[in-house]
Amino acid sequence: MSLSDATSQGNLLQLGNYALDPWRNVLRCGPREVQLSPLGSRLLQELAKRPGEMFERAELIDALWRGDWLVGDPALSRLVSEVRRAAGDNSREPTLIQTVPRRGYRLVAAAVSSEVAPALPAPRWSQAWRQANVSLLILFGGFALLLALAILARLLR
């Protein structure tokens, strides 16, 4: 899919001089395309929700790692570095992501397109875990019922 095809379909998120294709996790920097990790793409999508405004680290960790501070806190700094490196951005004179020391990050790209495709939905891990737990509960409940009936049948002989 070319850049013009993606733009005409409304799949690109314009971030100043950058264009993000959230469906392919590709960041376009001028003529060059760079593959981002899915988390890198989600980070830019989160920051693009309020361009120019600061996002607290905790807010980004909640959005990207479901609030898991053990994984999210060190990983957030590495993820921002990964996105900056991919974009060719400089932390001292940022054109994409600015660090707000000891607080968080902000998107400093000049403009965000108004024709933004909806972001990919975040994985519904809690819903999947809940469904798995209910399934296991039913399975073990059924097993316990069969075991109780087998014991009762043996006692009544």
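One finds the OG1 atom of T99 at 5.0 Å from the OH atom of Y105 (value rounded to the nearest 0.5 Å). Distance check: R106 CZ to L47 CG gives 10.5 Å after rounding to the nearest 0.5 Å. In this structure, CG on L15 lies 14.0 Å from CZ on R28, to the nearest 0.5 angstrom. How far CG of L27 is from CZ of R32: 8.0 Å, rounded to the nearest 0.5 Å. Rounding to the nearest 0.5 Å places CZ of R84 at 8.5 Å from CG of L96. With rounding to the nearest 0.5 Å, the separation of CG in D21 from CD in E33 is 8.0 Å.
Nearest approach of S37 to L79, heavy atoms of both residues: OG-CD1, 4.0 Å. For the residue pair D89 and T95, the shortest heavy atom distance occurs at OD1-N, 2.7 Å. Taking every heavy atom of both residues into account, C29 and A87 meet most closely at SG-CA, 3.8 Å.
With a 6.0 Å radius and a threshold of 12 heavy atoms from other residues, nucleotides or ligands, R154 has its CZ atom at or below the threshold.
Using a 4.5 Å heavy-atom threshold, the side chains of R103 and M54 count as touching. Using a 4.5 Å cut-off on side-chain heavy atoms (C-beta onward), W65 and L39 make contact. Counting only heavy atoms from C-beta outward, the side chains of L60 and L43 approach each other to under 4.5 Å.
Remark: R50 qualifies as a cation-pi partner of F55 under the 6.0 Å distance and 45° angle criteria applied to the six-membered ring.
In this structure, the side chain of Q45 does not engage the main chain of G40 through any donor-acceptor pair within 3.5 Å. Without hydrogens or angle criteria, R42 side chain to A63 main chain gives a donor-acceptor distance under 3.5 Å.
Linking ILVMFWY residues whenever their side-chain heavy atoms come closer than 4.5 Å, directly or via other members, places L36 and L13 in the same cluster.
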Determine whether I97 and V83 satisfy the following criterion, side chain to side chain contact (heavy atoms under 4.5 Å, CB included), listing intermediate values before the conclusion.
CA-CA 9 Å; I97 300 174; V83 171; 3.9 Å; yes
Take S135 and Q131 through the side chain to side chain donor-acceptor pair (under 3.5 Å) test and state the conclusion after the steps.
CA-CA 6 Å; S135 298; Q131 189 172 9; 5.7 Å; no
